[in-house]
Structure formats: C-alpha cells, structure tokens
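Working notes, beginning with the structure itself.
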Amino acid sequence: MENQNKEEEEQIVTPWEVTAEKGGKIDYDKLIDKFGCQRLDQSLVDRVARLTARPPHVFLRRGVFFAHRDFNDVLDAYERGEKFYLYTGRGPSSEALHLGHLVPFMFTKYLQDAFKVPLVIQLTDDEKCMWKNLTVEESQRLARENAKDIIACGFDVSRTFIFSDFDYVGGSFYKNMVKIAKCVTYNKVVGIFGFSGEDHIGKVSFPPVQAAPSFPSSFPHLFSGKDSLRCLIPCAIDQDPYFRMTRDVAPRIGYHKPALIESSFFPPFRFHDGETGKMSASDPNSAIYVTDSAKDIKNKVNRYAFSGGQDSIENHRKYGANLEVDIPIKYLGFFLEDDAELEHIRTEYGAGRMLTGEVKKRLIEVLTELVERHRRARAAVTDEMVDAFMAVRPLPNMFS
C-alpha cells in the first residue's frame, strides 16, 4: 500500500486523521479510487429492499453509506440461504457520544433487524489507552459508559455480543491475532497506517486486534464449527485501512474476506471545519451530544451551524441558499425520515422562498426529538443489562 505523504496527498484519511487539502471538501470519488472499494449503487439498495422485504434505511436511500467491499457477495450468499454476522465497534475516548458516533450504530441496528443476524461489537479500550494517553482503568470505565449508549440504540440482546478488548482478548481470539500478525510485514503496516519511528510499538501491534473479529473462530462461544461464516462490517470509511489489511490476510489463514459497507463522515457544525473532516468530540461546539439539553441543541444550531443562506433577506429571496455548504440541510439529510418533506425544504430553501431560520427551526425539532428519545432509552439501561450484553454466552436467537 502507498504511504500517505502529507505533502503529496490532496487529502488525508486514516483512522486517526481526516483532513482535505486547503479547507476543501473530502473528495469521496477520489477516496474510492485510492482505497479500491466500490460505489454502493441504486441496484444494491433495491436488492437490499427486496431481500429484506422492508424499505431501505434512510442512510442507504440518501447515500450516507456510499461505498462497499464485496457487499454483493454477502447478498448472493444470503440469497442462497447462507447467513452472515455483523461486526462493528467503538473506540471509547469520551464520556458521551455525539450524533456522528451514533450513525454506524443506528445503521447496524437496521441491518441486524432486517437480516436477522448476530452482531459483535468491539470496544477498543486498549486502542484508546494507547492513542489518547488514558489510563487502563479510565479506558475500561469509558468502555462501559459507551456500551450503555450503544445498547440504548435498541440492539437485541439475544443476537448481540458486546466485548471490550481488555476483558475478552485471549484464547481463540488471540490465536487469530497471532496468525494475522505473522502475515503483515512491518513495511506493510507502515505503508497502510503511516506509522513513524516515533510511534510506540503498541500502535504498531494494534491492527491485528481490530482485524480478529472479522473471523468467526475468534468467537468460539458463538460460532463454533462455523468457520465459513461471512462477516459484514458497517463502518465509516476512515476505518478502511484496517480492513484492507484484514482482507489481504484472510485467504492466507483460511477465511472469507470480510465485506464492508462504508459511510461518509458526519460533518461538524462550523464551516471552517466544513467537510475537511468529521465531527470532533474534542470541540463541544462542533457537535451535538446525546447528553445535550433541548436548550443546548437550540443554541448550538442557531449559533454554530453554518448556513448557506445569503447575507440579507433581499439577496436570499433573489439568489436562494447554497445547499452545498449548508450544514442544517446536511443534518436533515441524515435525520429527517420523510423524503418528501426533505425534498420540499431543499427546493424551497434553494429557491429562496424558505429562510435560514425556518430550516434551523425544523432541524432543532428533529435533533431534539432524536436526542430526547436516546436519553430516555439510555436512562433505562442498567448495569445488569450491560453485564448481559457483555457476558460470554451463546446467543439463543442468532439466526431466527
């Protein structure tokens, strides 16, 4: 794989850094070409709707999940009566999740419900301990807190296993880590991830930890004797480097390559961040958190959500809004379920007949309802429920 050189690359997309050149937009077509994945086209969306006998998720309909690797192979196998399992994860580095963190989990819940398949969720508390300079104990505490937010998304405990690396890694999982590690040279891992001589060896040794859940034998309590079971990974496209490595290794150690379905980045509020990166947990005003009050949400949207409207009502009526840079329109594209209403807002706002304040008002309503619903669900998650999801046990309704 090519080494990512900041001076040569127009944009940088790694699991730890996402920036576009000179404050521009992320070029997703260029990213698809660079990474070698495929565009998720309408025929695949239609196929998912047909196979699941339910409308495709809003994130599929509107291209939030826009790229894939071998998703069609998973659907081919499913159509032949072969099941698969889902794998996604979370690096627990903050007390509360923001909406960008929720996107992959909202979509993964849809996939679990639609295809009726098991799910493993990896909490990489070890990774955040190494990258964020957190203590082991703090990383473990944040993993449990984040698990509560994940459970609040509505996952089925009879089909879901949540695990933290500090608690679970060992046995068959560790055996797969070692097999993976033996197949990846130091030069290869530096080429994929851009590690330097200043990075500690913990970072260099981590990629096999994130790769191992792609293989069913890492979970003998779930998939014993099912080594041919396929894995589908919903994730943001910045995680692709991990799974390029994994897919390269898979046939060499006797497994199917994991399939991926990949999302674009959730945009931060302020335009100087624009689409140069993703919503950041380190800047509270660039994000809506699941702990934000209705007042917080209203304040953040009104003060920080960059508008594509004109500088005066007169000009706005004359020229209309620039929807390409308007953050409220982008957020409504994620979270406003009604396609007809979204298209109406886009048309009226783009023509100047609807004002910025009206669009922001609708966004505030949508986000407040979403966050309140999540807050109620999270408040109902007990420590006993977390223990149940994280218990190493068979899943009784895995494929039913």
Side-chain angles (χ1 to χ4, degrees), residues 1-49 56-75 88 100 103-104 107 111 191-194 232-248 257-268 271-280 306 308 321-335 339 342-343 346 350:
M1 297 290 177
E2 294 177 6
N3 199 354
Q4 290 183 325
N5 186 307
K6 288 188 181 184
E7 294 177 355
E8 296 175 3
E9 294 291 335
E10 292 185 4
Q11 57 190 11
I12 299 166
V13 176
T14 73
W16 311 287
E17 183 180 5
V18 176
T19 55
E21 187 187 43
K22 297 176 183 174
K25 292 168 62 174
I26 294 290
D27 186 330
Y28 288 107
D29 288 327
K30 193 171 289 185
L31 205 54
I32 284 175
D33 290 342
K34 178 181 171 58
F35 284 178
C37 43
Q38 296 86 44
R39 173 70 69 169
L40 202 157
D41 60 23
Q42 188 60 42
S43 66
L44 272 176
V45 176
D46 293 342
R47 192 177 180 198
V48 169
H57 193 278
V58 64
F59 295 162
L60 268 185
R61 297 200 306 270
R62 297 182 189 156
V64 172
F65 279 79
F66 73 101
H68 74 99
R69 292 182 184 273
D70 294 347
F71 186 40
N72 48 329
D73 290 351
V74 169
L75 297 181
T88 194
V103 165
F107 186 63
L111 292 174
I192 294 171
F193 297 101
L232 174 63
I233 305 169
C235 62
I237 198 166
D238 61 341
Q239 298 300 302
D240 189 87
Y242 279 116
F243 300 113
R244 291 205 302 277
M245 181 197 80
T246 308
R247 286 168 54 83
D248 183 56
K257 294 181 178 183
L260 283 85
I261 182 165
E262 301 178 311
S263 72
S264 55
F265 302 119
F266 193 68
F271 185 65
H272 66 76
D273 297 315
E275 291 191 51
T276 63
K278 55 184 180 179
M279 185 180 265
S280 171
F306 185 85
N322 180 353
L323 303 185
E324 285 299 306
V325 300
D326 193 89
I327 293 296
I329 284 290
K330 292 182 188 298
Y331 274 45
L332 287 171
F334 277 82
F335 299 122
D339 291 339
L342 180 64
E343 187 53 39
R346 289 179 60 86

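Starting from 1, each residue takes its place in the sequence as its number.
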Self-check item: CA sep, side-chain torsions, deciding dist, call: Lys257, Arg69, side chain to side chain contact (heavy atoms under 4.5 Å, CB included)
Solution: CA-CA 9 Å; Lys257 294 181 178 183; Arg69 292 182 184 273; over 6 Å; no
What distance do [X] atom [atom1] and [Y] atom [atom2] have between them, rounded to the nearest 0.5 Å?
X	Y	atom1	atom2	value
Asp73	Leu232	CG	CG	11.0 Å
Lys330	Phe306	NZ	CZ	11.0 Å
Ile26	Ile12	CD1	CD1	9.5 Å
Thr246	Gln239	OG1	CD	11.0 Å
Gln42	Asp46	CD	CG	4.5 Å

Pairwise side-chain contact, [X] with [Y], heavy-atom cut-off 4.5 Å (strictly under):
X	Y	result
Phe66	Arg39	yes
Leu75	Val48	yes
Val13	Asp240	no
Lys25	Glu324	yes
Leu260	Cys235	yes
Ile237	Phe265	yes
Thr14	Phe193	no
Leu111	Pro234	yes

Shortest non-hydrogen contact from [X] to [Y]?
X	Y	answer
Ile32	Cys37	CG2-O, 3.2 Å
Phe59	Phe334	CE2-O, 3.2 Å
Leu342	Gly333	CD2-CA, 4.0 Å
Leu44	Leu40	CB-CD2, 4.0 Å
Ala236	Ser263	CA-OG, 3.4 Å

What residues form a salt bridge (Lys or Arg N to Asp or Glu O under 4.0 Å) with [X], not counting sequence neighbours?
X	value
Asp339	Arg61, Arg62
Asp326	none
Arg346	none
Asp33	none

Practice problem: Evaluate side chain to side chain contact (heavy atoms under 4.5 Å, CB included) for Arg47 paired with Val45, printing each intermediate quantity in order. | Solution: CA-CA 5 Å; Arg47 192 177 180 198; Val45 176; over 6 Å; no
Quiz item: When you measure from the side chain of Gln11 to the backbone N and O of Asp27, does any donor-acceptor pair fall under 3.5 Å?
Solution: yes
Quiz item: So, does Tyr331 use its side chain to make a donor-acceptor pair with the main chain of Pro267 at under 3.5 Å?
Solution: yes
Self-check item: Partner set under ring pair (Phe, Tyr, Trp, His ring centres under 6.0 Å) for His68, not counting sequence neighbours
Solution: none
Quiz item: What pairs with Phe107 under ring pair (Phe, Tyr, Trp, His ring centres under 6.0 Å), at least two apart in sequence or on another chain?
Solution: His57, Phe65, Tyr110
Self-check item: Electrostatic pair Asp70-Arg247, nearest N-O below 4.0 angstrom
Solution: yes
Quiz item: So Phe266 and Phe335, ring-ring contact (aromatic ring centres under 6.0 Å, His included) or not? Walk me through it.
Solution: CA-CA 11 Å; Phe266 193 68; Phe335 299 122; 5.6 Å; yes
